[in-house]
Amino acid sequence: MNQVRVRFAPSPTGFLHIGGVRTALFNWLFARQQQGVFLLRIEDTDQSRSTDESIQAIIDGMKWVGLDWDEGPFRQTDRMDLYRSHAKKLLETGHAYWCVCKAEELEARRKEAEAKGVSPRYDGRCRNLGISRPAGDAALRFKAPREGQTVVDDLIKGKIEFDNTILDDVIVLRSNGYPTYNFSVVVDDALMRITHVVRGDDHLTNTPRQIPIFEALGFAVPRFGHLPMILGSDKTRLSKRHGATSIMAYKDMGYLPDAMVNYLVRLGWSHGDQELFTRQELIEKFAWDHVQTSAAVFNPDKLLWMNAEYIKTSPPHHVAQALVPLLEQAGLQEAVESVSGESLAQLVVLVKERAKTLVDMVHWVRPYFGESVLFDREAAKKFLTPTIAPLLQKLLSRFEAVPSFSKQGWEEIFKKLVEDEGVKMGAVAQPVRVALTGRTASPGLFEVMEVLGRERTLFRLRKGIERASTG
RNA sequence: GUCCCCAUCGUCUAGCCUGGCCUAGGACAUUGCCCUUUCAAGGCAGUAACACGGGUUCAAAUCCCGUUGGGGACACCA
């Protein structure tokens, strides 16, 4: 059995799309499971749309999401000689011919055909002209078979039959000497010995165009698998108007790469009722026969839920690490530097049940940096009132009387006070909460005190009393 | 227009290949209740689907045909 070789072959014409990531993911999973080879190839033969920034975006995106490749990145523009020599071979073996039709003419004819409601295909007028050395601009066309059938035995969709009569004589080499997509993929997939071509559904009809080219060149035809598309909530192709589609946008929104991967794979693939998978499980359990055949709607709510799950269950230091850049972006770089990795992980533990994203987490974690805290105006106005000040003062005194902090001990002191004063728990808890965190919502009071430590707790309590007394 | 693909709760899906175990399961979202010092988290419960029409069969979500609906492709883009 030959070693599995798969590839991800994006064109660098913008950011890395989450649909692209999903395609890459299925390839990567299969490669890792089969102990095969996963390679990255940049399809940049459209020089007018390809940019270096986009190539960098692809690489950054792949790295962020943890998809490592074994070979590449290859750039098609570095491989021009290969396409030209293979095009020449097609010409020599009678599988291709020069076409001198002008692009504008073709365009006009296509429009005309469309207007008549006829299939807008190339009419093959240069096919039998036998032009051996074109005088001016000419494109090289592949002589597609005109009878019989091309059968694709798809990994995902099963057997699909195409009548060869629908085939066009596709352009193989543009008049500027650049290969077209349908030709360069074939040459590359063959030369890179790709065993399984797994790509989006939108390429399904390209497959019967490509197979005859493989055959004409004398190459083995790989197996194909076509992944269903990702749709937006209105069931049209996922695009900007449905929300963020760039993988890096999700990084910025505070998503964990593992959550992203889990969600994207699970969108269109299933393993019984299981929702959460480690990467290792994904690699072990992945199977083509459980890849969905129909398109799937991207559901940001479920992704958000999954991200929250990962925030709750990932190792805290791991989450803390991912949090650091976002803290820095939020202007907390000094605070971050003054704090150890361990205490940052402690903060993560403190707030992880409340944060669905790392961006949320930045908000939750903010009150625990620095000596004093910024009071939310509404919160202070409502809970830090002159009426409550004496009670807070009593609490402060009782705390001060204890030389060292203990969570259980201070909780007992607190409850004793509530009991002695005959007030409701909440009547004291909320003002204390505002004094300690500046807000009305926070983790449990005594967890907060534990993170703050004795001195800061007392300090903030005093500050709170000050604020309460002055109104 | 032509060709191709697809069709189970609002969404992701299990079940379909190898008909009976389906009174159609799980998850997200949503609703209610519980827990509770706040906000979350958590627990429990509920609402909610086999697109439609014909066959085949003792029996169809499952097999066959058609209809409808959705998506994709038809470039000197990839």
Side-chain angles (χ1 to χ4, degrees), chain A residues 9-13 43-46 48-50 99 101-103 106-107 110 113-122 137-141 152 154 157-158 160-163 165-166 168 170-176 178-182 184-185 199-209 226 228-229 231 233 235-237 263 266-276 289-290 292-306 308 312 351-356 364 379 383 414-415 418 424-430 432-434 437 439-446:
Chain A
S11 58
T13 55
E43 312 223 316
D44 59 347
T45 55
D46 182 353
S48 64
R49 295 201 303 153
S50 301
C99 171
C101 297
K102 296 265 176 292
L106 294 167
E107 178 71 27
R110 193 177 313 117
E114 260 168 43
K116 281 188 195 157
V118 190
S119 196
R121 297 176 39 210
Y122 177 62
D137 278 357
L140 192 69
R141 281 187 189 270
V152 180
D154 196 273
K157 309 214 188 225
I160 307 162
E161 295 175 355
F162 296 88
D163 265 330
T165 49
I166 61 151
D168 228 348
V170 292
I171 288 180
V172 146
L173 233 46
R174 290 186 259 247
S175 50
N176 67 4
Y178 277 70
T180 55
Y181 163 75
N182 274 309
S184 53
V185 248
R199 67 226 314 188
D201 225 352
D202 47 343
H203 285 292
L204 188 53
T205 51
N206 279 327
T207 306
R209 297 165 188 282
H226 291 91
M229 306 264 82
L231 272 26
S233 51
K235 304 226 176 194
T236 62
R237 205 190 179 117
Y263 177 74
R266 189 59 188 64
L267 183 66
W269 172 81
S270 61
H271 183 78
D273 287 338
Q274 191 173 349
E275 297 286 350
L276 272 8
D289 58 346
H290 283 282
Q292 199 72 7
T293 49
S294 53
V297 173
F298 181 78
N299 183 349
D301 276 340
K302 189 154 184 178
L303 170 62
L304 189 62
W305 166 78
M306 201 167 268
K312 276 183 285 188
V351 304
K352 63 181 184 176
E353 280 108 62
R354 279 149 254 259
K356 288 187 189 296
W364 280 107
F383 292 106
F414 189 99
K415 287 193 169 148
V418 167
K424 276 191 187 162
M425 184 80 171
V428 196
Q430 281 306 80
V432 171
R433 189 183 312 282
V434 175
T437 69
R439 307 180 186 164
T440 54
S442 84
L445 232 37
F446 305 100

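Below, all heavy atoms of this structure are taken into account, side chains as well, without hydrogens, waters or symmetry copies.
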- For atom P, what is the distance between B/U18 and B/G55, given to the nearest Å? 24 Å
Just the atom pairs and distances: protein N or O near nucleotides 1-3 of chain B's N or O, under 3.5 Å.
| unit_1 | atom_1 | unit_2 | atom_2 | d |
| --- | --- | --- | --- | --- |
| B/G1 | O2' | A/G117 | O | 2.8 |

- Pairwise P distance for B/C17 and B/C12, with rounding to whole Å: 23 Å
- Message: List the residues meeting side chain to side chain donor-acceptor pair (under 3.5 Å) with A/K312, not counting sequence neighbours, and say none if there are none.
- Response: A/E309
- Task: Could you say whether A/M425 or A/F298 is positioned toward the 5' end of RNA chain B, judged by the nucleotide with the nearest heavy atom to each?
- Result: A/F298
- Sorted by chain and residue number, the ring pair (Phe, Tyr, Trp, His ring centres under 6.0 Å) partners of A/Y122 (sequence neighbours excluded) come out as none
- Task: Verify the contact: side-chain N or O of A/T45 to OP1 or OP2 of B/A78, cut-off strictly under 4.0 Å; return yes or no.
- Result: yes
- State which residues pass side chain to side chain donor-acceptor pair (under 3.5 Å) with A/Q292; sequence neighbours excluded, sorted by chain then number. none
- Message: Does A/G444 reach a base, just sugar-phosphate, or nothing at all? Heavy atoms under 4.0 Å.
- Response: base
- Describe the nucleic acid contact of A/D46 in one word from base, sugar-phosphate, nothing, applying a heavy-atom distance below 4.0 Å. sugar-phosphate
- Item | Under-3.5 Å donor-acceptor pair between A/N206 side chain and B/A78 base | yes
- Which part of the nucleic acid, if any, lies within contact of A/H226, taking any heavy atom under 4.0 Å across all strands shown: a base, the sugar-phosphate backbone alone, or nothing? nothing
- Looking at B/C74, B/A14, B/A7, which one has an atom nearest to any side-chain atom of A/D273? B/A14
- Message: Any base atoms under 4.0 Å from A/I160, or only sugar-phosphate, or nothing? Heavy atoms, all strands.
- Response: sugar-phosphate
- Nearest-Å distance, CG (A/D154) to C1' (B/C6)? 13 Å
- Query: Quick one: CG on A/N182 to CD1 on A/I171, what's the gap to the nearest 0.5 Å?
  - Reply: 11.0 Å
- Among the nucleotides B/U11, B/C28, B/A7, which one has an atom lying closest to any side-chain atom of A/D301? B/C28
- With sequence neighbours left out, write down each residue that passes ring pair (Phe, Tyr, Trp, His ring centres under 6.0 Å) with A/F162, or none if nothing qualifies. none
- Message: Taking only the C1' atom of each, what is the distance from B/A24 to B/U67 in whole angstrom?
- Response: 25 Å
- Message: Checking A/K424 now: which residues fulfil salt bridge (charged side-chain N to carboxylate O under 4.0 Å, His left out) with it, not counting sequence neighbours?
- Response: none
- With sequence neighbours left out, write down each residue that passes side chain to side chain donor-acceptor pair (under 3.5 Å) with A/Q430, or none if nothing qualifies. A/R433
- Task: With sequence neighbours excluded, tell me which residues meet ring pair (Phe, Tyr, Trp, His ring centres under 6.0 Å) with A/Y263.
- Result: A/F298
- Query: Counting any heavy atom closer than 4.0 Å, what does A/L267 reach on the DNA or RNA strands: base, sugar-phosphate only, or nothing?
  - Reply: sugar-phosphate
- Message: Between B/C9 and B/U47, how far apart are the two C1' atoms, rounded to whole Å?
- Response: 10 Å
- Could you write nucleotides 40-48 of chain B as a row of B, S and -, 5' to 3', where a protein heavy atom under 4.0 Å of any base atom gives B, of only sugar-phosphate atoms gives S, and otherwise -? BSS------
- Query: Across the strands shown, which category fits A/C101 at heavy-atom distances under 4.0 angstrom: base, sugar-phosphate, nothing?
  - Reply: base
- Task: Give a yes or no on whether a donor-acceptor pair under 3.5 Å exists between the nucleobase atoms of B/G26, that is its base, and the side chain of A/Q274.
- Result: no
- Message: Going by the rule ring pair (Phe, Tyr, Trp, His ring centres under 6.0 Å), which residues pair with A/Y178 if we only count those two or more places apart in sequence or in a different chain?
- Response: none
- Query: When rounded to the nearest Å, what value does the distance between C1' atoms of B/U62 and B/A51 take?
  - Reply: 16 Å
- Query: Touch check for A/H290, heavy atoms < 4.0 angstrom, all strands: base, sugar-phosphate only, or nothing?
  - Reply: sugar-phosphate
- Task: Considering only atom P, compute the distance from B/C63 to B/G20 and round it to an integer number of Å.
- Result: 11 Å
- Task: Between B/A27 and B/G15, how far apart are the C1' atoms? Round to whole Å, please.
- Result: 16 Å
- Query: For A/S270, which contact category applies under a 4.0 Å heavy-atom criterion: base, sugar-phosphate, or nothing?
  - Reply: sugar-phosphate
- Can you name the residues that form a side chain to side chain donor-acceptor pair (under 3.5 Å) with A/Y181, not counting sequence neighbours? A/R199, A/H203
- Starting from C1' on B/C5, measure out to CD on A/Q292 and report it in whole angstrom. 13 Å
- Can you tell me, in whole Å, how much space there is between the C1' of B/C21 and that of B/A60? 15 Å
- When you check the phosphate oxygens OP1 and OP2 of B/A75, does a side-chain N or O of A/R110 lie under 4.0 Å from one of them? yes
- Query: Base, sugar-phosphate alone, or nothing: which one does A/T293 contact when heavy atoms must sit under 4.0 Å apart?
  - Reply: sugar-phosphate
- Message: Heavy atoms only, 4.0 Å cut-off, all strands: where does A/P208 land among base, sugar-phosphate and nothing?
- Response: nothing
- Message: Treating primed atoms plus P, OP1 and OP2 as sugar-phosphate and everything else as base, which nucleotides of nucleotides 66-71 of chain B get B, S or - for protein heavy atoms under 4.0 Å?
- Response: -----S
- Message: For A/V297 versus A/S233, what's the shortest heavy-atom pair and its separation?
- Response: CG1-CA, 3.8 Å
